[in-house]
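See below for the structure under consideration.
Values below: every heavy atom of this structure, side chains too, minus hydrogens, waters and symmetry copies. In what follows, chains are A, B, ... by sequence order, proteins preceding strands, each numbered from 1. None of the values given here were measured: they were computed from a predicted structure.
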Amino acid sequence: MRVREVHGFDLTPVEARRLQEELAGRVEEGPPLEIGEVRHVAGADVSTGRGMAYATVAVLDFPGLSVVEVRGFEAPLRFPYVPGLLAFREVPAVIGALREVETPVDALICDAQGRAHPRRMGLACHVGLFVDVPTVGCAKSRLVGDFREPGEEKGSVSDLLHGGEVVGRVVRTRDGVSPVFVSVGNRMDLGSAVELVLACCTRYRLPEPVRQAHNAANRLRREGQMGLL
DNA sequence: GCGACAG
DNA sequence: ATCTTGTCGC
């Protein structure tokens, strides 16, 4: 996959925060994703340990959701975990893995926030500026915003509000499970993002591409490899 | 000053 | 996220 060199990552937290304010203006909300045209969906995740970041990207066919490619990339952690600045800690490793993906991907789901971020620049938006693929943020917990608990049935949703705007949606992906937080990454629309995430949650709470990437990242960290295809 | 806080 | 055993629930 083609990856652009938007900027370097040798920054301090103060510089990183200022860069986010500038980059947020480059994020594109829309157009709607033609989900009927989607052939492949990828998921990205990062596992950390012993000063290293182990990033993986799993590519699945759609709507079948079987794994067709898995790539991994490890890089030293050069930035601390600071709420709101996660991208500066994990993106270097993520783009390393994305660079090695050979399958044409139509959409990428990141295990993090997109526009549901204090400066509308979550990791999913950040990754979306480095690639041409539309990105979606699907996090397991909230970073910012207020919301009402969605209904208990799969498919129930509620708006995630912050600073007077709808920055994302709280989505129940399976009956009875805790909801996930979906928001636009880049080149995508919120409705499409929710639709895609729901279409990827056939058996588990998290979208299958993200689950596969998560498992591969843990294997990469523990065993130094992910298993072939 | 106090509480919140993706992974 | 990671560190970790047993244990409560479907």
Side-chain angles (χ1 to χ4, degrees), chain A residues 9 13-14 16-17 19-20 23-24 27 43-58 72-98 108-129 135-147 152-154 160-163 167-186 190 193-194 197 203-207 209-224:
Chain A
F9 284 87
V14 171
R17 212 168 270 114
L19 178 56
Q20 285 185 325
L23 296 178
V27 173
D45 189 43
V46 178
S47 179
T48 61
R50 296 168 300 187
M52 295 292 281
Y54 301 82
T56 56
V57 173
F73 188 87
E74 49 187 278
L77 287 169
R78 306 186 302 166
F79 200 92
Y81 169 68
V82 179
L85 300 180
L86 179 65
F88 296 90
R89 178 177 174 79
E90 304 190 339
V91 168
V94 172
I95 59 180
L98 285 172
L108 172 66
I109 303 176
C110 298
D111 180 29
Q113 308 290 351
R115 300 228 90 179
H117 176 279
R119 290 168 291 283
R120 306 291 180 270
M121 196 54 205
L123 184 149
C125 298
H126 217 121
V127 169
L129 291 179
T135 61
V136 176
C138 179
K140 297 181 292 299
S141 61
R142 180 197 79 98
L143 174 58
V144 296
D146 302 302
F147 65 97
E152 290 300 312
E153 325 72 45
K154 169 176 183 174
L160 179 60
L161 306 162
H162 182 248
V167 297
R169 259 185 203 114
V170 186
V171 183
R172 192 82 64 184
T173 57
R174 299 292 289 163
D175 286 9
V177 303
S178 50
V180 298
F181 299 76
V182 179
S183 57
V184 170
N186 194 24
L190 183 54
V194 171
V197 166
R203 299 187 57 176
Y204 303 92
R205 178 173 82 119
L206 300 181
V210 171
R211 281 190 65 256
Q212 294 295 340
H214 189 283
N215 292 333
N218 284 325
R219 291 192 311 253
L220 179 59
R221 176 168 60 76
R222 304 191 323 256
E223 303 155 27

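Phosphate proximity of C:dA1 to A:N218: absent, as no side-chain N or O sits under 4.0 Å from OP1 or OP2. The phosphate of B:dA6 (OP1 or OP2) has no side-chain N or O of A:K140 nearer than 4.0 angstrom. Proximity of A:H214 to the phosphate of C:dA1: a side-chain N or O atom is located under 4.0 Å from OP1 or OP2.
When distances run from any side-chain atom of A:R221 to the nucleotides B:dA4, C:dC3, B:dA6, the shortest one goes to C:dC3.
In this structure, the CD1 atom of A:I109 is 15 Å from the P atom of B:dG7, given to the nearest Å.
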request  = Would you write the dot-bracket representation of DNA chain B, where each base gets (, ), [, ], | or . depending on whether it forms a Watson-Crick or G-U pair under 3.5 Å and with which partner?
outcome  = .......
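Stem regions annotated for DNA chain C: none, counting only runs of 3 or more consecutive pairs of Watson-Crick or G-U type with both contacts under 3.5 Å.
Residues of residues 44-55 of chain A having a heavy atom closer than 4.0 Å to DNA chain C, listed by number: A:S47, A:T48. For residues 82-97 of chain A, proximity to DNA chain C is found at no residue, defined as any non-hydrogen atom under 4.0 angstrom from a strand atom.
With sequence neighbours excluded, no residue forms a side chain to side chain donor-acceptor pair (under 3.5 Å) with A:R174. Shown here are the side chain to side chain contact (heavy atoms under 4.5 Å, CB included) partners of A:N218, two or more places apart in sequence or in another chain: A:S47, A:H214, A:R221, A:R222. Every residue two or more places apart in sequence or in another chain that forms a side chain to side chain contact (heavy atoms under 4.5 Å, CB included) with A:V144 is listed here: A:P118, A:H162. In this structure, the side chain to side chain donor-acceptor pair (under 3.5 Å) partners of A:E153, at least two apart in sequence or on a different chain, are A:S156.
Sorted by first then second residue, the salt bridge (charged side-chain N to carboxylate O under 4.0 Å, His left out) pairs that include residues 117-127 of chain A, not counting sequence neighbours, are A:R120-A:E165.
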Would you give me the side-chain donor-acceptor pairs under 3.5 Å for residues 135-143 of chain A, sequence neighbours excluded?
residue, atom, partner, partner atom, Å
A:T135, OG1, A:A124, O, 2.8
A:T135, OG1, A:N186, N, 2.9
A:K140, NZ, A:D111, OD1, 3.1
A:K140, NZ, A:D111, OD2, 3.1
A:R142, NH1, A:G145, O, 2.8

With a 3.5 Å cut-off and sequence neighbours excluded, list the donor-acceptor pairs that the side chains of residues 74-89 of chain A form with protein atoms.
residue, atom, partner, partner atom, Å
A:R89, NH1, A:F79, O, 2.7

Kindly give the atom pairs (protein nitrogen or oxygen, nucleotide nitrogen or oxygen) under 3.5 Å for nucleotides 4-7 of chain C.
none

